[in-house]
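Quick one: the structure is below, questions incoming.
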Amino acid sequence: MDKKNKKYFPIFVDLMDRKIVVVGAGTIAKRRIRALVDFTAHLFVIAPEVNPELRELGTAGRLTIVRRKYVKEDICDASLVIAATNDNRLNQEIYADCKEAGVPVNVCNDKTRCDFYFPVLAYDDTIVAGVSSAGRDAAGSKRTANMIRQMLQEREESAEAAEPATGQSGSPARYDDVPELVKAEMPQKPNSKVFIYTDGAARGNPDGPGGYGVVLQYTDAAGELHEREFSQGYVKTTNNRMELMAAIIGLEALKRPCEVELYSDSQYLIKAFNEHWLDGWIKKNWMRNKTDPVKNVDLWKRLLAAAGPHRITWNWVKGHDGHPENERCDQLATGAADGEDLIEDIVQSI
């Protein structure tokens with residue numbers, strides 16, 4: 001077989017009780033750490049300086065930080081080693097030490113010195129999928145993983161929507177039947193028409209970092225297009241919460257009642273309005289059935305309050321299908337999730 005085009009067999013390995021060592025704490029190292037942190041209880045990060053995000057994971061007991069330069073003894077008893085420093089000589093030294101010790105190693109900036117490759121992950125509570133091109137087509141791997149994430153999201157959305165209900169008369173329940181939802185009176189003649197495009201992303205859904213992206217467009221009376229973008233990353237969140245936050249931020253940015261065309265690739269968001277899932281949840285006091293509460297109630301209530309003053313058409317678009325604004329929102333959301341300025345996603349008590 002041609003070594004250049006050889007295939008790597010995907011094996012799912014239990015790493016929970018195995019020692020994994022990452023040397024380095026830069027951008028690539030953080031990606032590797034984010035991919036590993038949910039899969040092992042013995043993750044060691046060796047680096048003289050560590051950013052706040054990794055320090056927070058260390059404080060939470062999800063990894064062990066050793067703040068000093070690498071020494072050969074660091075790989076002792078390791079099952080996997082990732083050399084991810086910005087020093088090529090040090091990475092080669094780590095590689096040589098691992099080959100001598102018989103420890104599988106991945107050198108981040110040299111695919112010829114990788115005993116294994118990191119897949120692009122897509123997973124939830126029950127399913128884990130990994131996509132890899134062995135370093136030959138990173139963009140293709142990412143697109144494929146995004147499609148799998150979309151499938152997992154749709155599966156979660158279908159479960160979340162179980163047993164939607166209507167009012168006793170068979171007609172949809174009114175949102176203002178719920179006292180704590182304070183909604184402005186729907187305007188008869190909205191002042192302006194705006195287009196809001198939204199997307200959410202999560203790395204390692206449901207326990208990894210995530211972010212939202214929003215593109216807001218308005219054309220004034222003179223025909224001039226005005227556009228604003230919003231994004232924010234979170235330390236730990238879920239894809240569905242980011243989809244809701246994107247819609248919330250877009251609507252909360254409006255300063256007066258508007259006619260809104262909102263576009264999202266989240267069926268969880270769009271079907272909740274168009275198929276009256278919300279009606280059933282509200283009628284059941286935010287319960288899916290007798291035992292299971294609706295998830296993300298804090299954000300649903302905030303979204304309903306933000307939507308109140310506006311006339312909104314909720315539009316679904318297929319994700320990762322070339323829609324320009326949807327693709328831009330995806331870039332904003334994933335860029336925020338992978339960025340440095342991550343904040344806490346605090347679930348509000350209702």
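Below, all heavy atoms of this structure are taken into account, side chains as well, without hydrogens, waters or symmetry copies.
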No-hydrogen, no-angle side-chain donor-acceptor test under 3.5 Å, Asn88 and Asn109:
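Yes, because at least one side-chain N or O of Asn88 sits under 3.5 Å from a partner of the opposite role on Asn109.
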Between Ile20 and Phe44, does a side chain to side chain contact (heavy atoms under 4.5 Å, CB included) hold up when you go through it step by step?
CA-CA 6 Å; Ile20 313 297; Phe44 291 79; over 6 Å; no
Transitively linked via ILVMFWY side-chain contacts under 4.5 Å: Ile270 with Leu244?
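Ile270 clusters together with Leu244.
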So do the side chains of Phe118 and Asn106 get within less than 4.5 Å of each other, counting heavy atoms only?
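Result yes, sub-4.5 Å side-chain heavy-atom pair found.
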Donor-acceptor under 3.5 Å (Asp74 side chain, Val71 main chain):
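Such a contact is found between Asp74 side chain and Val71 backbone.
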Taking CZ in Arg89 as the centre, count heavy atoms belonging to other residues, nucleotides or ligands within less than 6.0 Å. Is the count above 12?
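At most 12 heavy atoms, drawn from other residues, nucleotides or ligands, come within 6.0 Å of this atom.
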Under 4.5 Å between any side-chain heavy atoms of Met242 and Tyr234, yes or no?
yes
Considering non-hydrogen atoms only, spot the tightest contact between Ser231 and Ala336 and give its length.
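Looks like CB-CB, 4.2 Å.
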Cation-pi, Tyr117 ring and Lys111 (6.0 angstrom, 45 degrees)
no
Side chains of Asn315 and Thr313 only: does a donor on one sit below 3.5 Å from an acceptor on the other?
no
Side-chain donor-acceptor pair under 3.5 Å between Asp279 and His276, yes or no?
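There is such a pair (donor and acceptor under 3.5 Å, judged by atom type) between the side chains of Asp279 and His276.
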Nearest atoms (heavy-atom pairs only) where Gly213 meets Ala246:
O-CB, 3.9 Å
Point-to-point distance, once rounded to the nearest 0.5 Å, from CE of Met16 to CG of Asp38:
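Taking CE in Met16 and CG in Asp38, the distance rounds to 8.0 Å.
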Closest contact, heavy atoms only, Pro104 versus Asp115
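Pro104 and Asp115 have their closest heavy atoms at CA-OD2, 3.5 Å.
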Ring centroids only, cut at 6.0 angstrom: are Phe39 and Phe12 within range, meaning strictly under it?
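When the ring centroids of Phe39 and Phe12 are compared, they turn out to be at least 6.0 Å apart.
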Show your working on side chain to side chain contact (heavy atoms under 4.5 Å, CB included) between Ile46 and Arg67 and close with a plain yes or no.
CA-CA 6 Å; Ile46 315 296; Arg67 296 187 63 175; over 6 Å; no
Test your reading of the model: is there a side-chain donor-acceptor pair from Asn296 to the backbone of Leu299, 3.5 Å cut-off?
no
Taking the side chain as everything from C-beta on, heavy atoms only, tell me whether Ile196 gets closer than 4.5 Å to Tyr263.
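Heavy-atom side-chain distance check fails, nothing below 4.5 Å.
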Tell me if a side-chain donor or acceptor on Thr40 pairs with a main-chain N or O of Leu15 at a distance below 3.5 Å.
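Judged by distance alone, yes, a pair lies under 3.5 Å.
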For residues Arg149 and Val120, determine if any side-chain heavy atom of one lies less than 4.5 Å from a side-chain heavy atom of the other.
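Yes, side chains in contact.
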Step by step, would you call Arg143 with Asn146 a side chain to side chain donor-acceptor pair (under 3.5 Å)?
CA-CA 5 Å; Arg143 286 194 302 271; Asn146 280 336; over 6 Å; no
Checking Val37 now: which residues fulfil side chain to side chain contact (heavy atoms under 4.5 Å, CB included) with it, not counting sequence neighbours?
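If we apply the side chain to side chain contact (heavy atoms under 4.5 Å, CB included) test to Val37, skipping adjacent residues, the hits are Leu43, Arg62.
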Exercise: identify the closest heavy-atom pair between Ala253 and Leu216:
CB-CD1, 4.1 Å
Atom pair CG/NE2 of Asp199 and His323 - distance to nearest 0.5 Å
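NE2 of His323 is found 11.5 Å from CG of Asp199.
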Kindly indicate whether the side chain of Glu252, heavy atoms from C-beta on, has any atom under 4.5 Å from the side chain of Arg302.
yes
Which atom pairs, one a donor and one an acceptor, fall under 3.5 Å between side chains of residues 23-34 and the rest of the protein, sequence neighbours left out?
from, atom 1, to, atom 2, distance (Å)
Lys30, NZ, Glu340, OE1, 3.0
Lys30, NZ, Glu340, OE2, 2.7
Arg34, NE, Glu53, OE2, 3.0
Arg34, NH1, Asp338, OD1, 3.4
Arg34, NH2, Glu53, OE1, 3.0
Arg34, NH2, Glu53, OE2, 3.3

So, Gln348 side chain and Asp298 main chain: donor-acceptor pair closer than 3.5 Å or not?
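Here the side-chain-to-backbone pair does not exist.
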Return yes if some donor-acceptor pair links the side-chain N/O of His310 with the main-chain N/O of Glu259 below 3.5 Å, else return no.
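No, because the side chain of His310 does not come within donor-acceptor range (under 3.5 Å) of the backbone of Glu259.
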Measuring from Ile343:CD1 to Ile346:CD1, what's the distance to the nearest 0.5 Å?
8.0 Å
For the hydrophobic clusters of this structure (ILVMFWY residues joined by side-chain heavy atoms under 4.5 Å, transitively), does one cluster hold both Leu251 and Ile248?
yes
N/O donor-acceptor pair under 3.5 Å between Lys271 side chain and Glu275 backbone
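Absent.
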Worked verdict on Asp292 versus Met287 for side chain to side chain contact (heavy atoms under 4.5 Å, CB included):
CA-CA 6 Å; Asp292 296 326; Met287 296 292 292; 5.6 Å; no
N/O donor-acceptor pair under 3.5 Å between Ser141 side chain and Ser133 backbone
yes
Is there a donor-acceptor contact under 3.5 Å from the side chain of Glu229 to the main chain of Cys329?
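The answer is no, because no donor-acceptor pair under 3.5 Å joins these two groups.
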Distance, nearest 0.5 Å, that separates CZ of Arg228 from CD1 of Ile249:
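Answer rounded to 0.5 Å: 11.0 Å.
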Indicate yes or no for a side-chain donor-acceptor contact from Glu243 to the backbone of Gly200 under 3.5 Å, with no hydrogens or angles considered.
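Confirmed, Glu243 side chain pairs with Gly200 backbone.
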Would you compute the distance between atom CG of Leu262 and atom CZ of Phe195 and round it to the nearest 0.5 angstrom?
11.5 Å
I'd like to check Gln92 versus Arg113 (side-chain heavy atoms, cut-off strictly below 4.5 Å). Are they in contact?
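Yes; the side chains approach each other to less than 4.5 Å.
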Which heavy atom of Ile312 sits nearest a heavy atom of Ala307, and at what distance?
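That would be CD1-CB, 3.5 Å.
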Side chains of Thr112 and Asp110: is there a donor and an acceptor less than 3.5 Å apart?
yes
Tyr268 vs Trp314, test: ring-ring contact (aromatic ring centres under 6.0 Å, His included). Steps then yes/no.
CA-CA 12 Å; Tyr268 177 63; Trp314 303 88; over 10 Å; no
Quick check: Trp316 with Tyr197 (ring centres under 6.0 Å apart)?
no
Test log, rule side chain to side chain contact (heavy atoms under 4.5 Å, CB included), inputs Arg241 and Val347:
CA-CA 10 Å; Arg241 287 186 68 81; Val347 179; 3.8 Å; yes
Atom pair OG1 (Thr198) and CZ (Phe230), whose distance is rounded to the nearest 0.5 Å:
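The distance works out to 12.5 Å.
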I'd like to know if Val81 and Val107 are part of one continuous hydrophobic network [Ile/Leu/Val/Met/Phe/Trp/Tyr, side-chain heavy atoms within less than 4.5 Å].
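The answer is yes; both residues are in one hydrophobic cluster.
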Any donor-acceptor pair under 3.5 Å from Asp97 side chain to Lys72 backbone:
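No, the answer is negative, given that no donor and acceptor are paired below the 3.5 Å cut-off.
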Same cluster or not: are Leu57 and Leu80 linked, directly or through other Ile, Leu, Val, Met, Phe, Trp or Tyr residues, by side-chain heavy atoms under 4.5 angstrom apart?
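Yes, because Leu57 and Leu80 connect within a single hydrophobic cluster, where side-chain heavy atoms sit under 4.5 Å apart.
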Which heavy atom of Ala84 sits nearest a heavy atom of Cys108, and at what distance?
CA-SG, 3.4 Å
Answer whether the closest heavy-atom distance between the side chains of Leu332 and Asp330 falls below 4.5 Å.
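No - every pair of side-chain heavy atoms lies 4.5 Å or more apart.
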Does some side-chain heavy atom of Ile282 sit less than 4.5 Å from a side-chain heavy atom of Trp277?
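The answer is no; the side chains never approach within 4.5 Å.
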Going hydrophobic residue to hydrophobic residue with side-chain gaps under 4.5 angstrom, can you get from Leu121 over to Met147?
no
